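Scroll down for the structure; my scribbles are underneath it.
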There are 2 protein chains.
Amino acid sequence: MGRPGLNRRDVIAAAADLADELGFDAVTVSVLARHLGVRSPTLYSHISSLTDLRTDVTAYVLHELADATTAAMADRSGRDLLVAYADATRDFARRSPGRYDATTRQRVPAVAGADAPPSLADAIAAGRRNADLALAVTRSYGVAEADETYAVRLMSSLIHGYISLELAGSFAHRDPSAESTWPNVLADLDVALARLANVTGQPKT
Amino acid sequence: MGRPGLNRRDVIAAAADLADELGFDAVTVSVLARHLGVRSPTLYSHISSLTDLRTDVTAYVLHELADATTAAMADRSGRDLLVAYADATRDFARRSPGRYDATTRQRVPAVAGADAPPSLADAIAAGRRNADLALAVTRSYGVAEADETYAVRLMSSLIHGYISLELAGSFAHRDPSAESTWPNVLADLDVALARLANVTGQPKT
DNA sequence: CGAGTTGCCTACAAGATGTAGGAAACCTAG
DNA sequence: CTAGGTTTCCTACATCTTGTAGGCAACTCG
């Protein structure tokens with residue numbers, strides 16, 4: 001069935017690796033082609049444009065993140081679940097900063113337009129997977145349905161904000177280390193979620 | 001003293017406006033030149049490179065943000081100070097999303113290397129101004145010196161995270177609106193800071 | 001072994017950053 | 001009013017980028 005060689009998935013995976021190595025902005029057709037040992041036009045057999053490539057990477061990486069977080073969250077609940085979720089997210093970001101950047105730097109709307117490329121639809125689906133994982137954490141705390149959205153926003157904002165500033169280097173060059181204040185973040189988040197659950201809902205387990 | 005025309009400040013201010021209009025990534029030499037009605041090489045009399053231009057914009061915008069926040073914080077303390085600080089930051093980001101992006105997308109180390117361009121030194125100084133404003137909020141709460149760094153990180157992470165996700169559209173298409181959950185964020189942040197102040201320090205006012 | 005499919009290539013158009021060198025406009029001195 | 005110096009802006013160019021067009025070569029399947 002034709003000549004073997006690169007396929008679409010190889011190209012996207014290589015692009016994700018390139019993002020970690022040189023930064024998400026460095027993911028360009030020409031740089032990626034050089035890394036793969038082919039000429040630039042070759043890649044256009046597998047992707048449709050640079051914009052599309054980046055959206056592909058975002059979708060691919062969002063799925064990787066959801067996989068990692070899902071694995072870490074297995075068989076946990078309450079505070080353990082929160083810590084597993086948050087640690088898995090932060091570990092992913094620190095191990096793969098370029099991949100993590102891809103999850104935030106690429107605009108992913110909640111709903112795709114009619115003429116949206118398949119890569120965007122996939123990114124949206126992958127984004128939903130991650131959102132559902134965050135929801136699972138707040139559900140485990142027993143946050144009432146009316147407060148769920150806020151609880152997810154609070155948790156996501158704090159975790160993403162901390163990771164984002166840590167990766168940007170904002171916490172370097174000042175004691176204590178970013179590593180050692182992270183447990184405090186989790187503790188405060190635990191308190192806030194528990195409070196939210198007690199205000200309007202009934203605590204679970 | 002020579003022919004009048006654009007100066008460095010004009011160019012940087014126009015670049016900041018362009019970032020708000022088209023996004024920080026769209027701030028390029030050629031696009032900026034077209035907007036200013038000159039040819040691309042002209043701009044190289046005022047800036048030294050695209051990278052430098054972007055660092056210039058970051059420094060310029062960080063100063064604008066510090067100015068806005070400082071004005072909003074005048075004659076306030078405690079919870080009022082927190083709300084003024086957080087609202088001013090979020091208002092700035094919503095009114096000028098491209099400018100806000102510039103403050104985060106451009107890597108600004110805490111200390112400049114020996115061969116750092118002047119634009120980077122200025123960005124570092126401007127970054128320090130903003131950090132000092134955050135510190136003023138936690139001081140007003142009476143957070144003990146040992147917990148100051150954590151308090152600033154908690155506050156900055158949550159505020160930046162919320163703004164960042166809101167601007168990315170992560171809070172759209174789901175009720176309640178990003179606008180209406182913001183006060184809850186401020187309330188939870190107030191609780192967390194007050195708790196921090198009571199644990200090891202003495203409350204102020 | 002033949003045919004179809006597929007991947008990669010060269011060649012090219014359009015536009016980006018950045019450099020070199022020169023022309024035009026302005027301010028200040030005389 | 002004129003001459004000199006300064007500064008801005010320009011054209012021309014080298015190099016690299018994205019993206020398109022068309023063709024060649026390699027592999028699979030019948």
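Just so it is clear, the model here is predicted, and its values are computed rather than measured. Values below: every heavy atom of this structure, side chains too, minus hydrogens, waters and symmetry copies. All chains are named by letter (A, B, ...) in the order of the sequence lines, taking the proteins before the strands, and each is independently numbered beginning at 1.
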In whole angstrom, what separates B:Arg39's CZ from C:dG18's P?
19 Å

Measuring from atom CE of B:Met155 to atom CG of B:Leu135, what distance do you get when rounded to the nearest 0.5 angstrom?
8.5 Å

Worked check of salt bridge (Lys or Arg N to Asp or Glu O under 4.0 Å) between A:Asp101 and A:Arg105:
CA-CA 6 Å; A:Asp101 261 16; A:Arg105 295 271 276 272; 3.0 Å; yes

Phosphate OP1/OP2 of C:dT6: any A:His46 side-chain N/O under 4.0 Å
no

Restricting both atoms to N or O, compile the protein contacts to nucleotides 17-20 of chain D shorter than 3.5 Å, with distance only.
{"from": "D:dT17", "atom 1": "OP1", "to": "A:Arg34", "atom 2": "NH2", "distance (Å)": "3.1"}
{"from": "D:dT17", "atom 1": "O5'", "to": "A:Ser30", "atom 2": "OG", "distance (Å)": "3.3"}
{"from": "D:dT18", "atom 1": "OP1", "to": "A:Val29", "atom 2": "N", "distance (Å)": "2.9"}
{"from": "D:dT18", "atom 1": "OP2", "to": "A:Ser30", "atom 2": "N", "distance (Å)": "2.8"}
{"from": "D:dT18", "atom 1": "OP2", "to": "A:Ser30", "atom 2": "OG", "distance (Å)": "3.1"}
{"from": "D:dG19", "atom 1": "OP2", "to": "A:Tyr44", "atom 2": "OH", "distance (Å)": "3.0"}
{"from": "D:dG19", "atom 1": "OP2", "to": "A:Leu50", "atom 2": "N", "distance (Å)": "2.6"}

In whole angstroms, how far is the C1' atom of C:dT19 from the CD1 atom of B:Ile47?
14 Å

Separation of D:dT8 atom P from B:Leu36 atom CG, nearest Å, is 14 Å

Does the structure place the NZ or CZ of A:Arg90 under 6.0 Å from the centre of the six-membered ring of A:Tyr162, at an angle of no more than 45° from the ring's axis?
no

For the pair A:Asp56 and A:Arg8, find out whether any cationic side-chain nitrogen is under 4.0 Å from an anionic carboxylate oxygen.
yes

For A:Asp147 and A:Tyr150, indicate whether the former's side chain and the latter's backbone hold a donor-acceptor pair under 3.5 Å.
no

Please give, in whole Å, the distance from D:dC16 C1' to A:Leu32 CG?
16 Å

Report the C-alpha separation of A:Glu166 and A:Arg94 in whole Å, then their side-chain angles, then the decisive distance to 0.1 Å, and conclude whether the salt bridge (Lys or Arg N to Asp or Glu O under 4.0 Å) test is met.
CA-CA 9 Å; A:Glu166 179 182 6; A:Arg94 296 201 304 165; 3.7 Å; yes

